[in-house]
There are 2 protein chains.
Amino acid sequence: MPTISDVARAAGVSMSTVSYVLSGRRPISAETQARVKAAIAELGYHPHAGARALASSRTSVLALVVPLRVDVSVPVIMQFVTAVVTAARTYNHDVLLLTKDEGTAGLERVAGATMVDALILMDVERDDVRIPALGRLKQPSVLIGFPDDAAGIACVDLDFAATAAECLGHLAGHGHTRIALVGPSPAVYERGTTYASRFLGGFTEAAERLGLETVAHPCEPGVRGVRDCLAQIDAELPGVSALVVHNEEALPPLLEELRANGRRVPQDLSIVAVCPRDVAVGLPVRLTSADIPAHEVGTIAVETAMNLLDGRRTPGTRLVPPTIIERDSCATHHEEISASPG
Amino acid sequence: MPTISDVARAAGVSMSTVSYVLSGRRPISAETQARVKAAIAELGYHPHAGARALASSRTSVLALVVPLRVDVSVPVIMQFVTAVVTAARTYNHDVLLLTKDEGTAGLERVAGATMVDALILMDVERDDVRIPALGRLKQPSVLIGFPDDAAGIACVDLDFAATAAECLGHLAGHGHTRIALVGPSPAVYERGTTYASRFLGGFTEAAERLGLETVAHPCEPGVRGVRDCLAQIDAELPGVSALVVHNEEALPPLLEELRANGRRVPQDLSIVAVCPRDVAVGLPVRLTSADIPAHEVGTIAVETAMNLLDGRRTPGTRLVPPTIIERDSCATHHEEISASPG
DNA sequence: TTGAAAGCGCTACCAT
DNA sequence: ATGGTAGCGCTTTCAA
């Protein structure tokens, strides 16, 4: 493996000149630059990452902490991951993958060893134990998701409260007034991932503001969970004409259950789902959905990390506004005229 | 951040002694060892990864190259990823995540910069362009999957040929003689991922050996693809009583289509699917399946990489034998007595 | 069983 | 616009 001094010799310049044409931190004449670049290409030179990290205290690596087996849908996680990796590459950074189950120790390990320049954490919980640890690291970090107290912490996420409001607004615009929320599994609430409560909060608030009659229920996974959830909704809100589904895993069994019961979507029941595009279009009925912008959120997380690294001031929190995409699961609701007997 | 010399001073020993208690490459008296460890804990010392890599030419990092948006099911990819990360951690290694779309350049970049000790590649193709490049790297690599010519290359994968044979054997054991293969989408064959053809080869060979009547069809994604595939199968193999499904994405629409046509599983049609456990049990009918042992394959890939790093001889290729898990989608087939008229 | 010190390959400061 | 060089923090010989 050639070193920087091999390149320098081949190009007839000093090591520092080679270093500077590589980093661009100093003006170099076009001619010298060409000679150095030719030598680099000729020799197939790659700067040694460790040496560079040692000398510069910069690794060009980002840590990404992903949840393993949570109730978060795996495809969504993967979308965040690919978004982060792709965005990181545009900044000439690589991504070191950590799993959440290593907990605080994992963060301290890679940060303490100076393996990474910054950290990005997914699946942040209400009172996440890792947050105090982050403050002790010398590297900056960015959260995907919001803890209860996000003060002074860089956070990025979809604006779930606004998303809930948009879903209700969309349905209200179609004449629906009795609307139920099929929420995430109770485990999600218990774990304390705040997107669930942020969505629920936005839902409740918007329902009141819009004068809607609503109920909200978490939904256990599987056919059984969906069935129970629907039964409770029907019992508590008779005449419900629309569902907001904030539970990706529940979508397939839910549609199946409705079909089995002869309730047509959207003729008998309208649905707005909160999910990524591809799951919305991959189901028997193409669902009108509030998009989960994994790509955008992941990209912003990386941008934020880069700003932090460059000492640039950045907004502490970034809430990505919702986008509703209309497809085939929402129909206009006409109030039924109650036929009085006689 | 404390350095090794801070630790040495605090413990009243030399730098090299600290280094050796950390690496265990030299006997150190219990007493000295205790003093050094105490100093390390006291100061919260973490060796600097870059400095270590520079001095030792070892990074304690593995590269893992994952496919992005292929026709491989995302949950399966994620299972491999978590298996590799988890296994790597047991060897005190971390994982740098690369995407396949960076191609050969990505491999050369991380290997050339000495960012990793070894590489693990998923989604290897028949005549993968990256393979010649791997030979030029100074780091060893392990493939998950098999190229056409696996000579001299470390490869790990499920034994798809044996898996196909097991599936047929299982169905034959239940009295089935007319069996169809619902294969991966044509795109998979075209891309040249060899697991598809290895499975098909094993299927054809076993069918002949067992004296079965079979047909095999690729299956395009979506409801439409499933419908077409079933139609062709019924046309070419009337009286088909069992399906081997080597196409995870096709499973949900396939079951739905059968249900819609009034064909009960397993009473009218038996099914053996090739898929991970969790998708087999997550469908309306709990499917008898040949497991995709992502965890085992990922773990073996890491072990192999470690062996290679330690200069240990390892078998070039590792084929993980199949496991059939019986669930509710296979029934015994009783040959219909053709009622002769009159 | 331990210490001393020579690099590993690069960056960035101090020069000119 | 370019060169010289002192470290960055560690591993690993060589010595004792």
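What you are looking at is a predicted structure, and each value in this text was computed from that prediction instead of being measured. Each chain gets a letter, A, B and so on, in the order its sequence line appears, and its residues count up from 1.
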Between [N] and [X], is there an OP1 or OP2 to side-chain N/O distance shorter than 4.0 Å?
X	N	answer
B:Ser29	C:dT2	yes
B:Ser14	C:dG3	yes
B:Ser56	D:dC10	no

- Of B:Leu54 and B:Ala30, the one whose closest nucleotide on DNA chain C sits nearer the 5' end is B:Ala30
Whole-Å distance separating the [atom1] atom of [X] from the [atom2] atom of [N]:
X	N	atom1	atom2	answer
A:Ile4	C:dC10	CD1	C1'	6 Å
A:Arg25	D:dA1	CZ	P	17 Å
B:His48	C:dT11	NE2	P	13 Å
B:Ile28	D:dT12	CD1	C1'	13 Å
B:Arg52	D:dC8	CZ	P	19 Å
B:Leu22	D:dG9	CG	P	16 Å
A:Arg9	D:dG3	CZ	P	14 Å
A:Met15	C:dT11	CE	C1'	8 Å

- Query: When A:Arg198 is tested against each of A:Asp159, A:Asp157, A:Asp148 for salt bridge (Lys or Arg N to Asp or Glu O under 4.0 Å), which residue passes?
  - Reply: A:Asp157
- Query: Are any non-hydrogen side-chain atoms of B:Asp123 and B:Ile144 less than 4.5 angstrom apart?
  - Reply: no
- Are B:Thr194 and B:Pro147 close enough that some pair of their side-chain heavy atoms sits under 4.5 Å apart? no
- Item | Short side-chain donor-acceptor distance under 3.5 Å, A:Arg191 and A:Thr193 | yes
- Are A:Ser19 and A:Ser16 close enough that a side-chain donor and a side-chain acceptor fall under 3.5 Å? no
Any donor-acceptor N/O pair under 3.5 Å between [N] base and [X] side chain:
X	N	answer
A:Tyr20	C:dC13	yes
A:Ser16	D:dG4	yes
A:Arg26	D:dT2	yes
A:Thr17	D:dG3	no

- With a non-hydrogen cut-off below 4.0 angstrom, is A:Thr32 in contact with a base, only sugar-phosphate, or nothing? sugar-phosphate
